[in-house]
Structure formats: structure tokens, C-alpha cells
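Here's the structure, in C-alpha cells; my notes come after.
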Amino acid sequence: MDRHAAKVLDFGRVLEALSGLSLTPQGKSACAEVTTASGFDEAVRLLDELEAFGMLTRAIGTPPIGEMALLDSILDDAAIPNACLDIERLMSVGVTIRTTTRVIEYLEDAGRENSPIAELADGHAPMYGMEERFAATFGPRGEVLDSASPELFRLRGEIRGLRSRVLGALKRILRDTEYEHVVRDDFITERSNRYVVPLATNFRGYLNGIVHDHSRTGQTVYVEPMEVVEINNKVNATKEAETAEVRRILMKLTADVGGEAHRIRAQVAIVAAVDMLWAKLKLSQRLECTKPTLSREPVLDVSSAKHPLLALRDDIDVVPVDLKLNGDERLILITGANAGGKTVALKTIGLLTIMAHSGLFLPAGEESVVGWFPQILADIGDEQDIDRDLSTFTAHMARLKEIFDTAGEGALVLIDEMGTGTDPSQGTALSVAVLEELAEMGVKVAATTHLDGLKAYAYAASGAVNAAVAFDPDSGNPLYSLLYGQAGSSNALDVAQRLGVPQRVLDRAKSLTGEKGDRVAKLVADLERARDEARVAAQQADHLSAELERDRSRQAELVAEAKNERRLAREEARKEALALIRDMRKGLSQAIKSVEKGEAREREASDKIDNVAEEVEKRFPKPQPEKPLGPLPELVEGVQVLVVPLGKRATVQSPPKSGRVRVAVGGLTTTVPVDALAPCDEQVEPPREHPKVGRVTVEAQRGSPDIKVIGMTVGEALEELDRSVNKALLGGFERFRVVHGRGTGALRRAIRERIEEDPGLNRHLEEEDDEAITWVELV
């Protein structure tokens, strides 16, 4: 990461905010050292790691990060042979080990949740043994506990026993009336690490003892009675043994710490990594960040972006801005008045890119995309350097030289206020040359400027786009958003007026500007107007295209609905037709049985059949084809007519009555409406009349409907099939067979095609299918 770019883009201030959210000194150091990833894959890993950590905290809670001490020098000293760390430094190690143990346990729980965060602790186990040693050695106030070793436990027990004997002897002296006139105070104290009692200076002759101290007044001496001298000697000797044992314990613990120094350092680093992740997550939550998508291409598509340092402030409402730099664009030129947000937008581009490359989430909208830029370089701010005798312009040129020397293909270069600090015409020419050279180098550039010449260049050059900072047209206040495809006006006079510059100064400036204004500014205005017209035309085209697409989608929906309704109607009609056919069969069967039993005359049976036919026609009328032109002949017996719904020739059996006429069709006599008849093209000789004995029609249809059509033409065979269907229908047969032979297969194909075309017929397949026979089943 370029240090200069990080400085001028305020990345260090972001890291300060990040460090402030960490809990340990090691975590703070890790946060302060966050830098951009070494490559694209590492940057993706860092972002995925932060996302996984957020999921882990939601699953098992936040990490148990407790107190941690800076141990580098302590661990170095502990590794020295025969070293003995003091209690305070050892306790720093103890509290740190306690925290590392809890964090390693947390990462073990992460492993049980299949979280990739568990990989931070790969190869490490909690240091339970060391934690228990410290817990057994030190109390909460840093005292060495009796449990630190068996010998220390024994020595302290012995000291307590000896002290009890000394105190008991001294208390007897203080209570003894023999010595009451020499006892100055009723208490026992220590002098020179020995237990003594306060006596008057004239105690001699009354009590044998050793004087260890005097009061300041000289009236009191502190005397060790001879009877406790020996016991005091044992107490002191035992205390010396205790001190030696404590030192031995501390040396042993120091050696253990030194032996585990490498392991302790590694686990401290693990805690620092978890602490840094926890700080990153807290910063992300505070800024309401989202995870960006990293692209290998040097592009930028960040929606609703906020400058993180502004977003951290509670005293302002930050206006989000969309940041876009497409793959085929090499320059985004941000223009507009001062105090309109140009530099903030430029810094937001650079800062958010650095954050994404460093594994930090962005204060931006969902699905924001940040490309991979191998380098991020910047020339932002007033670079004037008095110490080096550099003017503002000279300092900018020096920085641009560094950028030319450093930048490689795919780099992102940010330049603030291009062309300033010198003559505008020369500044424009130099800036165009700089941009062209950077384009040749394959560098992506985001820049700000006030120069109209550069605005015109961005309009004319391929791969360049203007972006104006938006202003409220009524109030003139900045809106802090970018209008892509537009160049902004500097509005210097308007800004000066809002800042309170005297009106006479403004009036004089306007008079010096002139009515014609700058020719380049007019050119930019003309380009903007043309661009706006093209944009409006494109928007209208998009609107029309969207309307057409909506109409097409609606039409497709209507077609789908119609197909579905037709399918449902067919299914319903089929169900009704099947039910009616069953009723028709039942009625026909009853009519035939009545005739056979002599219970009804032929006319009554025929009427029943007619009633069934009328019901079928009423409920399922067939589409009427166009009726042939020409008048019907006189409908008398024997006249040939065409039954239009059936598409068949018929012979009139009797004159019309009540708008209906009885006709013979294919061996079946039925009654049809006169309107359903049309004239035939030619009249044929009526068939020879058979004797009618009251049952001719019915009798002719009785018997098996099986037929043999071998030797017939296709037309004859189909007519014979129709007659057999009628015969089966009247006779109540469910199926019959047609014997057509094998031959050329023409009869077989014709018979089977007719069955497929007729919705009232099915082909019935026997177990042993014979190509010479076709079974017909009535539906």
C-alpha cells in the first residue's frame, strides 16, 4: 500500500477508529498495522473471514477476550537460564494465559460449528496445565499461596505454630500482675523481625530480656523476653526457609514460562487476530457496512457509499453517493463548484477501495463491487512544501512524477484539482497530456477539476466520463451526489455570494466576465445540451422497449391462460360426453330390449333413440361448416341431401315435420333439423327398398358387429366401419373386431387412422396383437 495515498486518503484515521474498538494491546497493534492484501485472492480471503466471523458470533456469541499484558520483554527474560521473574510480571503472564485459554476454547467451539474461523487455532490446544499452575501459585492479590508446593505448605504451618507459641508466652507476660508496673502498653509488636512487648525503661530486675528498640520519648523499650528468644529464632529460621522455597517456586514457574515462550507468543497472536476481527465487525456494525464483491477487473460499482469518517460522526447526516467506473472507462472527471463534495467523493473512491482490499466491509449498499487495483496512488490536497521551497504547482508536479515512476497497468490514480496552480490554458494542456499518458499506461484515473477544457476533453475522449456534483437549482445548496454524464459549473460567483462577498465586488466580477463568456465554457454547455438530448431520447427508447416487453409478456400470459382454459374445457367436455354416452347406451339398450320383448312398437323405440340424439346435439353441438350455396330440393321420400354437421350424404325417409326431417345415414335412421341439410351435387338412385315389418331398422343392426373388409377399397372399408360402429352402438357392444388382413397394409392404416381421429373410438390391444386384425373399442 502506498503510504502517501494512505495518508492523504485518511486511511490512518480509519485504523485509529478500528484500534479504539479492540480490547487488548496486541489487538490494537494488529488493527493499527492493517494494510492492503498482497493480492486478489488474499483480499477475498480476508473479506470471507470477516463474514464468517460475523456468522460465528451470531451462532455461539462474542469471543471471551479478557485482560492481556504485553509479554515480549517478560518472555525474553523468562528464557534466560536460572532467571526468576517477580510476582507482578509472572501474574501478567498468568492473566494472559487465562485469556488465551478461553479464546482457544472459543475457537474449538467454532470448529464444532464448522466455521473456518476455527483454523486460527489449528495446532493449538488450551494451556490448561500452565493455567492451573498459576491458579495454584498466586492468589487474587498476588500473594503466593500455600498450595504452591507441599514444602511451602509445611513451612507455613510450622511458622504458624511457632508464632502461636511466641504470642501465647508474650500474652501471659502482659497479663501477669507481677509485671504490671513495668508494662507500658497491652500489645505485642515486632522489632527486627522478632516479637517483643513494650516495657518501661526500669524493667530490669523484673524481667530478663533483650532490648530491640526504644520509643522516641525514651520512656518505652521494646523487649524480647528470654523465654521466647529461642522460639523467635526458630520462627526466623523457618521464615528464611519459606522465602527460599518461594524463590524456588518462582524460579520454577519462570523456567516453565520460558520453556513455553514460543507457544505463549503464538497463542497471544491468535487472541490478537480474534480481537482484530471483533474490532472489524464492531466497526462494520457501527457504520452499517456490507460486504463488497471483489472483481479481478479494475472496476468500481459502489452504490449508496458513505465516507467512513463522516459516517462515524453523530453531528451530521451523510448523503450517500454512487461511485461508478466501468471496465471500458479509464477516467472519471468530477466537476462542480467548491464545497460541493468533489474532494469528498474522490477520497471516498480511494478510501473505500483501500478498505475493501484490506478486508474491511464498506459503508455502502448491498452487492457493491470493488475491482482489484494493484496500486492505489493519490495526489490530493495542498502539497506546498515551504521547507523544500516547493510551490503548490511544483509539489503537484513532483507527486505526478512519482506516480509516473510507480504506477503500473490497472493502477488507480486519484488526482484532486487537476491543472490548478498555473495558467489555465497551460494547466489544461498539461493535464490532458498527463491523462493521455496514464491511459497509455493502462491506469484508471479519478480526478477533480474546475477547468472547462478538461470537461470538454472528458466529453470528447473515448473511455472518459464527466460526473457533476449536484446542486439544488432553487437554493443553490450542494446535494453531495454525482450526476454521471454531466459536467458541473464552478459557480464561483454564486459561491462567493453565499459566503458574503460584497455585492459591489460580485457586480464588478460579472462585468469583467462579459456577456459572451468563455468559448470553451459555451462548447461544454453545447456538449451537455446534446448529451442531455441523447439521454432523453435513450430514456424514451428504453421506456418504449419496456412497454413492448410488458405487452409481449402479457400476450404470452394470455396465450398460456387460453391454452390452459382450452385444456380444462376439453377435459370437462370429455367427462360430460362420456357420461352422456353411458346414458345414451343405456337408453338404446332399453329401447332394443323393449322391442325384442314386444313391450314397445318400433316407432316408440325410434322416438327414444331420437330423444337421445337430440340431447347429444343440444349439449354438444358441432361447429357448423359453411353451408353450400343453393336451394334445398323438395324434401320428399328418396331425395338425396347432405347432412352438414356429419358431412355425409343421406336419404330423406319422410316429409319434414315441425322443422325436422327423418333421414337414413349410413344404415342408421335418425331425425335432423332441416337447417342442417344442404343440397347434394348429384342425385343417386335410392337403394332398393327392403320389406318393412315393423322391426327392419332395429333388426338390421342386431347380431355381432365384427366385420371383414379384405378385398374392399379404403372408402368401402371405412363405410363398412361406420356401419359396424352404429351396429355396436345399438347392440350395446363395447368392442368389435375388423379383419383387414395384412396385404399392403393400406386397409390397416386407414382403419386405425379413422379410430385415432374419432374421439368416440379407441383401439383395443389384445395380449397377442395380430397385424391382420384391429379391435375397435367404443368410448
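Just so we're clear, the structure is a prediction, and the values are computed from it rather than from any experiment. Sequence positions, counted from 1, serve as the residue numbers for this chain.
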Heavy-atom pair with the smallest gap, counting every atom of [X] and [Y]:
X      : Y      : value
Cys289 : Pro363 : SG-N, 3.4 Å
Thr290 : Gly365 : OG1-O, 3.2 Å
Asp322 : Tyr484 : O-OH, 2.7 Å
Met355 : Pro308 : SD-CG, 3.7 Å
Pro679 : Leu642 : O-CB, 4.4 Å
Leu281 : Gly54  : CD2-CA, 3.8 Å

4.5 Å side-chain heavy-atom contact, [X] and [Y]:
X      : Y      : result
Asp48  : Arg45  : no
Thr353 : Leu412 : yes
Lys324 : Leu482 : no
Val661 : Val652 : yes
Arg296 : Trp372 : no
Leu120 : Tyr106 : no
Ile60  : Glu113 : yes
Gln640 : Arg649 : yes

Is the shortest distance from a Lys or Arg side-chain nitrogen in [X] or [Y] to a carboxylate oxygen in the other one below 4.0 Å?
X      : Y      : result
Glu51  : Lys291 : yes
Arg735 : Asp706 : no
Arg748 : Glu771 : yes

**Flag for Arg752-Thr774: side-chain donor and acceptor within less than 3.5 Å** = yes

**Asked** Is a side-chain donor-acceptor pair under 3.5 Å present for Glu367 with Thr293?
**Response**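 On atom types as modelled, these side chains do not qualify, holding no pair under 3.5 Å.
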
Checking the side chain of [X] only, and the main-chain atoms of [Y] only, is there a donor and an acceptor separated by less than 3.5 Å?
X      : Y      : value
Glu329 : Asn326 : yes
Ser368 : Pro292 : no
His740 : Ile751 : no
Ser358 : Leu360 : no
Glu42  : Ser38  : yes
Thr713 : Glu716 : yes

**Prompt:** Listed by chain and number, what are the side chain to side chain donor-acceptor pair (under 3.5 Å) partners of Glu720, not counting sequence neighbours?
**Reply:** Arg723

**Message:** The criterion is side-chain contact (heavy atoms from CB on, under 4.5 Å); which residues satisfy it with Ser295, sequence neighbours excluded?
**Reply:** Glu297, Val299, Val369

**Item:** Among Leu747, Leu721, Ile773, Ile755, the one residue meeting side chain to side chain contact (heavy atoms under 4.5 Å, CB included) with Val738
**Value:**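 Filter result, single survivor: Leu721.
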
**Message:** Checking side chain to side chain contact (heavy atoms under 4.5 Å, CB included) between Lys306 and each of Val321, Leu352, Val318, Leu362, which is the one that passes?
**Reply:**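 One option only clears the test, and that one is Val318.
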
[atom1]-[atom2] distance between [X] and [Y], expressed to the nearest 0.5 angstrom:
X      : Y      : atom1 : atom2 : value
Glu777 : Trp775 : CD    : CH2   : 11.0 Å
Glu756 : Asn762 : CD    : CG    : 10.0 Å
Lys282 : Leu287 : NZ    : CG    : 13.5 Å

